[in-house]
Structures are given as structure tokens and as C-alpha cells.
*Asks:* 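One structure follows; several queries about it will come next.
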Number of protein chains: 2
Amino acid sequence: MLWFPMASAAQSESRDKLLDAATHLIRARGYTATRVDDICASAGLSKGSFFHYFSSKEDLALAAAQRWNEQTGSLFATAAYHQPADPLERVLAYIDFRKSLLHGKVPEFTCLMGTMVQETYETFPAIREACDGSISGHAATLEADIGAAMQQYKLHPSWTAASLALHTQCVLQGAFILAKAKQGPAVAAESVDHLRRYVEMLFTQPQPEENRHGNRNRSGPGRDRSGRHSRPGAKNSRGASR
Amino acid sequence: MLWFPMASAAQSESRDKLLDAATHLIRARGYTATRVDDICASAGLSKGSFFHYFSSKEDLALAAAQRWNEQTGSLFATAAYHQPADPLERVLAYIDFRKSLLHGKVPEFTCLMGTMVQETYETFPAIREACDGSISGHAATLEADIGAAMQQYKLHPSWTAASLALHTQCVLQGAFILAKAKQGPAVAAESVDHLRRYVEMLFTQPQPEENRHGNRNRSGPGRDRSGRHSRPGAKNSRGASR
DNA sequence: GACAGCATACCGACCAGTCGGTATGCTGTG
DNA sequence: CACAGCATACCGACTGGTCGGTATGCTGTC
């Protein structure tokens, strides 16, 4: 086989088989529950082969993260949602594209990074960092379009393009969790619909006055329907959340 | 000690210690990576004691889920966000309340259910079901307020109260993932801000025409700024997502 | 013959779950 | 009250199997 030095890609077929098997298994069972032997069996290779390519299981996870970035990177880079001239249309087309990917079995449309970071954020700093980089990096590809749309629609909101870009990823990650809990993409798609509606409204309609506690523009009277602030009163110091 | 039969609560101090330790460890490291020995050590009890109260690790997870429901259930049931007369204000106050809980270390404000379901949805059906029930059940407590707000504001939208209620949980779960990736609650809070803005806009402003692919009301011309539909063109069948 | 690619056999730590045992306290009966 | 009978609470050594990782060797190719 010819040996193109193509920016860390095309390293070895067996290596890729291991990475693909690992990606699939981790998406289905999580990082810790995925055994090295499972990966080898699923890839049709032996343990010796595994440790020929990866120095450890963690090393494999990092390599899988990198491969994930390359694959999803090119998928999104070449996708059709970049075509519209209007930047807002591009953002909405991105959301539509994400929605269109939500089909099939759960482990086939969920996110490797979101899955891994849940279990590793405290115990495997390197993996956490890779997941953060992947998610944040992907969000960053939306920022330019969002920023351009803000300019075009002459918006000067309290939120930033970066924050809205991250919010899209937030909704997607949350949608994956709901999809896992409910065993199918239907719920996820509905949340993506809500996300789309939000973005559309953000750019085409006047935004509500900020009447939050702890916000920069402790706005004037405005249209605050009640003036009540929920002022937590959290007697329970242990955060509780679902 | 007197023995109130108080609806499955107050079973045993040691049992609760084990459940608390398990909850904390699972929130930090995930279900699989949390060892029974870790739980025992953290609770200051022995393994014999553990298996006296729980027949297996999975049994513990289910018990922890139930305890979680009881604890968060009463936290939310007694919280102040129910006070406003206006149902929309109650929903917004709920969101504010959720935001106010986002502080401290990551494992202290993230969700046990969202964490567990990620690793167990394929391999531990009973745990998956418990997580689904917990999240969906909590979402259901919002439905009445959302529905009342829809009536009061005379909304007849394409979305349902149930779907919006689930969307709030979607954003929260996604926010927890971002918080884990970024090691702090700041990102999470920003996404909750977006969620609040969305809900506020939904009820106080005209909603955009639906111009999605695959939507029921293939609306008339309306205010569709371009008419383009991103019509996926996904040549790649393997779902890719982050 | 050097080395990438891959396999088999094996190691030692670890881990869920078991088991025999002790300590404590409650209950009813004479 | 005394005491048998029994259940609960808890301990920690042990087991059988698992898992990440290592050691070693075979094979084909440049």
C-alpha cells in the first residue's frame, strides 16, 4: 500500500478496525464497560494486535477521539448546509442537518465525545480534554455563521455567538441522553425542533427584556410580568438535579 | 427507634450511607467505574454490610435511583418556584431555580440519572427504565404549568406541553455534559439562560411559520425567508454526531 | 535479516459476589 | 424476670472469574 503522509490519517487498516469497533462499543456501553477483549473480538483481531497499535486503553480512547474528529469534521465540512447565502439560513440548515442524522439505532447517532466525557471527566483528564476540544471545536465552526447572522440582522443581544453555538451542542447532547433513556430518536428530534424555533425567533423577533437575577443589564422596568425573583432559598446545599 | 412506615423512606442509616456514597461516586465516575469496595470504603462499611442491604450492584443502582427520586422530588415539590400565580411565571421560576442550583463542584450539581443512563441504556434495561421514569416523571411535573400558560396566553402551537417540558430536561442534561467537559457550571448556566429566553419568547411573541421538512402543517407561503430546505443529502449512512 | 503485523500464552491486580461467623436486640412464653 | 428463639446488622476472608497489560514467537515482505 502506498504511504501518503496524509495528516495522521490512513495509518493501518487493522488499526482503523480497532478504532471503529471501539467507537461503536463505547457509544453503546460507555468507556469503562468496554473491554479491550471486546474491542479485539469485534474487530476480529487479537490482543497482541491491539497493544501493537495502542499503548493502553486510554491511548486508544484518545486515538478514537482524534479519528472521530477527522470523520465528523469532514462530514460536516462537506455537508450541504453551508450553501445558503444567508448566514441565518446556514445556521438553520445546520440544525436541520443535525436533525436528519437522528435516525436508526441509538448507538449509531449518539456522540462518542458526550458519552465518554461523562465517565472520564474526573478520572481521565486527557480524555476529558479531548472531548472538550472536540465539542468546543465543532461548536466553533458555527460561530462565524451565527456572528454573520447577528450582523446582518443587526442584533446586539446580551448573548454571544459563541454561547449560542455551544447551546446548540448542549441541546444535541441532551437530546442524545433523552434518546438513550427513551430508546429512540423521536424525543431527540423534538428537542432539535425546539432549538430550531428558538434560533429562528432569536433573529426575527424582538428579544425579551432581561429580568434575571445576576444579569449584567439589570434592565429598567421593561416588560417584566411580575418582578418576582425566585431567589433560590436552597436550604439543601447538595445540588440535586435531573 | 420508632418505626414509622413512611412510604419506603427511613429504612436504615447504614443503607442510606451506602446509597449516598454510591450516588456521589457514580456522579463523579459513572456506574461501571464505581466499585462496590469504593462505595463501602466511602460509606465506612464493609462489603458484608453492602450485600446485606443490596442483592447486587445493579440492585443498589435501582435503590439509588429511587432514593434520588424521593430526594429531588421533595426538593422540587417544596421549592418556591410554585408560588407565582401566573403559570408562565412558575415555569420561568422553575428555570431560574434550576440555574441557581448550578454551582459548586461538577459532581455536586449534575444528574445521577443522566449519568447512569448513558452507560446502562443497552446493558441494564432495569436501570435504563428507572432513569427514563425519573426524568420523564420530573418533566411531567412541569406539564401542568406549561399547559396552563398555553391556555392563558391563548397559544395553539405545533408543539405540546409535554414536548416543551422534556426539552427543558434536554437542555439541562446537555448542560451537565458541557459542564463536565469544561469543568465548571458556567457553560451550563449560559445554556439555561438560552432556555429561559426561548420559553419567554414562545409565550410572548408570535411564533415563526413552520418551514421544516417532514412537518405536519406544511404551511402556506408565510414568512419563509428563503424557501430552501436543507434536504440532507447524507451520503454517509453512519450517523455522526457531536 | 530486520522489522511491521499479528497471534498465543500468560501474569498479576482487581472485583463482584459468597460464606461463615459474631454481636445485638426484639418477642413471646413460663 | 429469665431465657429460648429468632431476626437484623455487620464483619472480613475468600473465591472464581475478569481485565489491562506483557512476553514471546511466528510470518510475510522489503
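Every chain is numbered from 1 and lettered A, B, ... according to where its sequence line falls, protein lines coming before strand lines. Hydrogens, waters and symmetry mates are skipped; everything else that's a heavy atom, side chains included, is used.
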*Asks:* Report the residues that fulfil side chain to side chain contact (heavy atoms under 4.5 Å, CB included) with S46(A), sequence neighbours left out, ordered by chain and then residue number.
*Replies:*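 Listed in chain order: S49(A).
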*Asks:* Output every pair passing salt bridge (Lys or Arg N to Asp or Glu O under 4.0 Å) with a member in residues 39-59 of chain B, not counting sequence neighbours, ordered by first then second residue.
*Replies:* D37(B)-K47(B)
*Asks:* What is the pairing partner of dA7(D), taking Watson-Crick or G-U wobble pairs with both distances under 3.5 Å in any strand?
*Replies:*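 Matched dA7(D) with dT24(C) under the 3.5 Å cut-off.
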*Asks:* Starting from P on dA13(D), measure out to CG on D37(B) and report it in whole angstrom.
*Replies:*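 The answer, rounded to whole Å, is 12 Å.
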*Asks:* For F50(B) and dC10(D), give me the distance from atom CZ to atom P, rounded to whole Å.
*Replies:* 14 Å
*Asks:* How would you list, by chain and number, every residue that makes a side-chain hydrogen bond (donor to acceptor under 3.5 Å, both in side chains) with K182(B), sequence neighbours excluded?
*Replies:* D132(A), S136(A)
*Asks:* Does A165(A) have any side chain to side chain contact (heavy atoms under 4.5 Å, CB included) partners at least two apart in sequence or in another chain, and if so, which?
*Replies:*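 Here the qualifying residues are A139(A), L142(A), E143(A), I146(A).
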*Asks:* Does dA9(D) have its OP1 or OP2 closer than 4.0 Å to a side-chain nitrogen or oxygen of H52(B)?
*Replies:*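 Answer is yes, contact under 4.0 Å.
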*Asks:* State which residues pass side chain to side chain contact (heavy atoms under 4.5 Å, CB included) with T141(A); sequence neighbours excluded, sorted by chain then number.
*Replies:* H138(A)
*Asks:* From the list dT18(C), dC10(D), dG20(D), which nucleotide is the closest neighbour of the side chain of F51(B)?
*Replies:* dT18(C)
*Asks:* Using a heavy-atom cut-off of under 4.0 Å over every strand shown, decide if S56(B) touches base, sugar-phosphate, or nothing.
*Replies:*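 Sugar-phosphate only.
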*Asks:* In terms of the angle between their ring planes, are Y94(B) and F76(B) parallel, tilted or perpendicular, with boundaries placed at 30° and 60°?
*Replies:* tilted
*Asks:* Please state how far atom CG in D59(A) lies from atom C1' in dT22(D), giving the value in whole angstrom units.
*Replies:* 16 Å
*Asks:* 5'-most contact on DNA chain D: V36(A) or S14(B), nearest heavy atom basis?
*Replies:*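 First, find each residue's nearest nucleotide; the 5'-ward one identifies S14(B).
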*Asks:* Taking atom types as modelled and ignoring hydrogens, do the side chains of R197(B) and H194(B) form a donor-acceptor contact shorter than 3.5 angstrom?
*Replies:*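 Present: a donor and an acceptor within the cut-off.
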*Asks:* Describe the nucleic acid contact of T34(A) in one word from base, sugar-phosphate, nothing, applying a heavy-atom distance below 4.0 Å.
*Replies:*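 The residue T34(A) makes sugar-phosphate contact but no base contact.
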*Asks:* Please enumerate all residues that pass ring pair (Phe, Tyr, Trp, His ring centres under 6.0 Å) together with F51(A), with sequence neighbours excluded.
*Replies:* none
*Asks:* Which ones in residues 38-49 of chain B lie close to DNA chain C, meaning a heavy atom under 4.0 Å from one of its atoms?
*Replies:*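 Within residues 38-49 of chain B, the residues near DNA chain C are K47(B).
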*Asks:* Measure CZ/R15(A) against C1'/dA4(C) and give the value in whole Å, please.
*Replies:*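 Whole-Å distance recorded here is 14 Å.
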*Asks:* Can you list the residues that meet the side chain to side chain contact (heavy atoms under 4.5 Å, CB included) rule with Q183(B), with sequence neighbours excluded?
*Replies:*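 Partners of Q183(B) by the side chain to side chain contact (heavy atoms under 4.5 Å, CB included) criterion, ordered by chain and then number, come out as R128(A).
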*Asks:* For DNA chain D, find the residues of residues 115-127 of chain A with a heavy-atom distance under 4.0 Å and give them by number; none if there aren't any.
*Replies:* none
*Asks:* Which of these nucleotides, dA9(D), dG17(C), dG5(C), is closest to any side-chain atom of Y53(B)?
*Replies:* dA9(D)
